[in-house]
Amino acid sequence: MKLWSGRFGKETDALVNAFNASIGFDQRLYREDIQGSIAHARMLAAREIISRRDAEEIESGLLEILQEIEAGKIEFTEDQEDIHMNIESILTARIGNAGKRLHTARSRNDQVALDFRMYVRREIKKVISEILNLEIILCEQAEKYQEAVMPGYTHLQRAQPVSFAQYILAYAHMFTRDVTRLEDCEKRLNECPLGSGALAGTTYPIDRWMTAKELNFDRPTGNSMDGVSDRDYAMELLSDLSILMAHLSRFAEEIILWCSWEFKFIELDDAYATGSSIMPQKKNPDVAELVRGKTGRVYGDLMGLFTVMKGIPLAYNKDMQEDKEPVFDALDTVEICLPVFAEMLKTMKAYPENMRRAAGRGFINATDCADYLAKKGMPFRDAYKITGELVAYCTGSNKTLEELKLDELRKFSDLFENDIYSALKLENCMALRNSYGGPSVQETARQIREVREFISARKI
Ligand code: ARG
């Protein structure tokens with residue numbers, strides 16, 4: 001029998017039952033639902049809306065149900081539609097009238113708003129700790145390769161010398177922002193909607209501050225209609241997760257490039273690569289490719305939820321039941337991508353000698369050559385032009401800048417002296433890029449220190 005059957009003269013059609021039910025996916029809110037109900041019951045008793053005895057029976061009944069759910073002993077039914085009604089009806093079947101009093105001064109609308117918020121809040125913490133774990137690994141890898149000169153690219157064309165550490169730390173900075181974005185989302189969502197009722201609050205003398213405090217919220221939500229209708233936190237979470245996935249997919253793309261024969265800057269561990277069913281030589285970066293691919297899923301979840309929420313009038317509408325699956329899917333996706341990606345990076349091997357070889361071709365010290373002339377007094381634009389002509393000359397004779405003899409160089413400018421060779425040496429070019437945030441060892445050491453401080457200021 002439905003909890004709400006009183007008003008109806010017919011049973012719900014079986015098709016509608018199946019269509020309407022959300023228990024198939026919202027059962028993962030069981031913990032939050034029970035926590036929220038216990039806080040609600042305690043408050044009702046404290047405000048003498050129900051008796052202490054009833055509240056105690058409700059609490060012990062719910063705790064028992066919680067244990068049984070975790071032990072896999074409870075079967076939910078579609079007939080009870082969702083997790084909220086399933087739990088309430090199990091409770092009532094066990095404790096009778098006290099169970100029937102639990103829903104006093106409450107609606108499923110504020111109940112689901114509460115459960116979902118608490119769920120998102122809990123998962124944000126989990127995602128943050130996974131990102132921090134990834135950042136720890138990035139710091140360890142960066143520390144090993146501070147001296148490893150590699151080409152930095154723009155337009156995927158070799159541009160200027162950086163170190164492998166600098167490259168890795170660029171991603172660490174992105175992930176740091178992802179953490180702060182999620183923390184920000186958590187701060188904003190931390191208001192308790194319980195007590196908003198169906199949409200218009202309640203005539204009972206409830207204490208919303210008490211339930212908010214009990215459930216670790218900063219305060220109750222300030223408007224009952226907004227309280228039950230707001231899903232900003234879910235949209236914000238999906239935005240944050242989408243940006244995080246954008247970062248992971250860019251990194252994944254680099255990994256895929258780097259382990260190709262065209263680059264061979266890295267080698268993935270055998271445990272983090274896969275083979276081909278026909279080509280015996282293949283070692284494929286499936287993990288990175290899947291992370292790149294799953295980014296599309298998370299963007300889809302984001303667009304799905306945005307589209308569900310678009311144009312819904314206040315307050316609760318059943319459309320909003322569609323808010324959960326995209327959030328669950330995005331969280332599941334991110335929570336699997338992060339640890340597997342982290343381990344893949346932890347176990348990968350870098351080939352600094354291949355990076356160095358690649359850095360040697362492509363004139364990535366051309367800017368340094370122009371800077372050399374500029375530092376000797378030539379206006380930078382002139383120095384730039386002369387260096388361009390030198391590059392063209394080298395391309396014609398298949399040489400690098402540093403392979404040119406001093407008298408060849410001096411045909412282009414008499415400012416060239418013997419010290420040009422040390423100015424063109426890639427190791428020096430990198431080491432001298434010591435401006436704040438640059439790739440010099442001193443600067444990558446500072447970056448590693450700062451990322452580590454960021455991590456240790458948070459508990460994992
Ligand atoms: N299963 C519903 C959801 O997830 C719970 C809220 C239902 N409220 C209602 N008035 N039908 O949105």
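Every value quoted in this text rests on a predicted model; they were computed, and no experiment measured them. Remember, it's 1-based here, ligands and their atoms both numbered in the order they're listed.
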Peer 1: Would you tell me whether Arg121 and Tyr233 have side-chain atoms, one donor and one acceptor, within less than 3.5 Å of each other?
Peer 2: no
Peer 1: Could you tell me, atom by atom, which parts of ligand 1 come under 4.0 Å of a heavy atom of Lys324?
Peer 2: 3 (C), 4 (O), 12 (O)
Peer 1: Which residue holds the protein heavy atom closest to atom 11 (N) of ligand 1, what is that atom called, and what is the gap in Å?
Peer 2: Arg108 NH2, 3.4 Å
Peer 1: Could you check whether Arg28 makes a cation-pi contact with Phe328, meaning its NZ or CZ is under 6.0 Å from the centre of the six-membered ring and within 45° of the ring axis?
Peer 2: yes
Peer 1: Could you tell me which atoms of ligand 1, counted from 1 in the order shown, lie closer than 4.0 angstrom to a heavy atom of Ser22?
Peer 2: 1 (N)
Peer 1: Write out the residue and atom name of the closest protein heavy atom to atom 10 (N) of ligand 1, then the distance separating them to 0.1 Å.
Peer 2: Asn109 OD1, 3.0 Å
Peer 1: Using a strict threshold of under 4.0 Å (side-chain N to carboxylate O), is an ion pair present between Arg356 and Glu427?
Peer 2: yes
Peer 1: Distance to 0.1 Å, residue and atom name: give those for the protein heavy atom nearest to atom 12 (O) of ligand 1.
Peer 2: Tyr316 OH, 2.5 Å
Peer 1: For this output row, return yes or no: ring centroids of Phe251 and Phe341 closer than 6.0 angstrom.
Peer 2: yes
Peer 1: Rounded to the nearest 0.5 Å, what's the gap from CG on Asp54 to OG1 on Thr104? Could you check?
Peer 2: 9.0 Å
Peer 1: Indicate whether any N or O donor in one side chain lies under 3.5 Å from an N or O acceptor in the other, for Glu78 and Asn17.
Peer 2: no
Peer 1: Measure the distance from atom 2 (C) of ligand 1 to every protein heavy atom, then report the residue, atom name and distance (to 0.1 Å) of the closest one.
Peer 2: Gln321 OE1, 3.2 Å
Peer 1: I'd like to check which ligand 1 atoms, numbered from 1 as shown, lie under 4.0 Å from a non-hydrogen atom of Asp82.
Peer 2: 1 (N), 2 (C), 5 (C)
